[in-house]
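First the structure, in the form of structure tokens, and then the observations on it.
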Protein chains: 2
Amino acid sequence: MFNHMVEQFAHLDAVFHALADPTRRAMLGHLAERELTIGELATPFSMSFAGASKHVRVLEHAGLVTRTIRGRTHLCRLQAARLAEADAWLRRYERFWNDRLDSLEALLRAEDEAQAKKK
Amino acid sequence: MFNHMVEQFAHLDAVFHALADPTRRAMLGHLAERELTIGELATPFSMSFAGASKHVRVLEHAGLVTRTIRGRTHLCRLQAARLAEADAWLRRYERFWNDRLDSLEALLRAEDEAQAKKK
DNA sequence: AAATAATTAAACCAATCGGTTGACAATCCA
DNA sequence: TGGATTGTCAACCGATTGGTTTAATTATTT
């Protein structure tokens with residue numbers, strides 16, 4: 001159905017893969033508050049620096065996070081563009097979860113038109 | 001940030017994992033046209049039936065597809081509710097990719113109010 | 001009853017996953 | 001200078017991934 005515009009969404013593999021892990025989703029949640037260092041990202045999960053570092057690399061690779069090295073700390077910032085891409089992909093299916101609403105609206109419109117004709 | 005409402009989205013691991021594979025996303029695209037059997041889902045990918053069967057099981061496990069066995073064929077139907085869940089999760093970040101639009105709107109509103117006061 | 005078609009099950013494969021540990025490098029501070 | 005802090009790298013672990021092949025199951029057709 002939508003396959004003619006497939007190449008628009010080249011990063012979806014990496015983005016959805018990154019989002020499939022609850023630790024990484026939580027990290028994004030924290031980064032939505034403010035920029036955080038690797039250490040700050042690690043502590044809420046009682047996870048080693050190296051573990052957190054790997055998760056951040058996955059997020060970075062998906063383009064969901066950018067890193068600024070300042071001194072010995074690495075500041076991570078949420079990068080939302082790829083989230084918007086994923087959302088755009090999902091919204092192509094919007095009509096499937098809006099179908100009931102859509103048909104209800106169509107029904108109401110039809111009734112309105114019937115009313116208008118009566119007048 | 002959003003972590004107080006985390007348990008609302010219990011299926012996100014499975015859903016995002018299912019969406020992370022391009023074959024499965026394409027299958028969903030085909031299922032958006034009409035219901036399809038496992039064999040019909042398999043053929044466009046020059047993949048064994050067993051391979052396609054595994055992908056469908058992943059989609060089923062994520063709640064994105066339901067299966068109706070009729071005779072010896074298994075008819076698969078797109079189930080959009082979980083897509084809507086994933087979309088709802090993503091939209092919590094909407095303001096991050098709308099920030100420029102938001103501030104533009106705020107600016108315009110402020111100008112409108114200034115105009116209104118002049119009159 | 002026999003042949004064919006649609007699908008799953010099971011075993012296997014190399015690659016990747018999420019996580020650890022330990023060693024190392026760079027930076028800051030006293 | 002020397003010690004603490006921040007982070008990466010490499011190696012390793014068991015589990016899972018996406019895929020195959022072969023065999024078995026179930027349903028239809030002839």
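Worth knowing before you read on, the calculation uses all heavy atoms, side chains too, and leaves out hydrogens, waters and symmetry mates.
We find the CG-CD distance between L31(A) and E40(A) to be 9.5 Å, quoted to the nearest 0.5 Å. Rounded to the nearest 0.5 Å, atoms CG (L59(A)) and CG (L41(A)) are 8.5 Å apart.
Heavy-atom nearest nucleotides on DNA chain C were determined for G71(A) and for D21(A), and the one closer to the 5' end corresponds to D21(A).
Checking L64(B), I38(B), L36(B) one by one against V56(B), the side-chain contact (heavy atoms from CB on, under 4.5 Å) holds for a single residue, I38(B). Just one residue in the list R82(A), R77(A), R67(A) forms a salt bridge (charged side-chain N to carboxylate O under 4.0 Å, His left out) with E60(A), and that residue is R67(A).
Contact annotation: H17(B) side-chain N/O to dC17(C) OP1/OP2 distance is not under 4.0 Å.
Taking atom CD1 of residue I69(A) and atom C1' of nucleotide dC28(C), one finds them 16 Å apart after rounding to whole Å. The nearest whole Å value for the distance from the CZ atom in F16(A) to the C1' atom in dT16(C) is 20 Å. Atoms CZ (R25(A)) and P (dG18(C)) sit 12 Å apart, rounded to a whole Å.
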I'd like a list of close polar pairs between nucleotides 5-12 of chain D and the protein, N/O only, cut-off under 3.5 Å.
| unit_1 | atom_1 | unit_2 | atom_2 | d |
| --- | --- | --- | --- | --- |
| dT5(D) | O4' | R72(A) | NH1 | 3.4 |
| dT5(D) | O2 | R72(A) | NH1 | 2.7 |
| dG7(D) | OP1 | I38(A) | N | 3.3 |
| dG7(D) | OP1 | H74(A) | N | 3.1 |
| dG7(D) | OP2 | G39(A) | N | 2.7 |
| dG7(D) | O3' | H74(A) | ND1 | 3.3 |
| dT8(D) | OP1 | R67(A) | NH1 | 2.1 |
| dT8(D) | OP1 | H74(A) | ND1 | 3.3 |
| dT8(D) | OP2 | S53(A) | OG | 2.4 |
| dC9(D) | OP2 | R57(A) | NH1 | 3.4 |

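Counting non-hydrogen atoms under 4.0 angstrom, R70(B) reaches nothing in the nucleic acid.
By the rule that hydrophobic residues join a cluster once side-chain heavy atoms approach within less than 4.5 Å of another member, V58(B) and F45(B) end up as members of separate clusters.
Inter-residue side-chain proximity for R25(A) and L12(B) is flagged as met; some heavy-atom pair is nearer than 4.5 Å.
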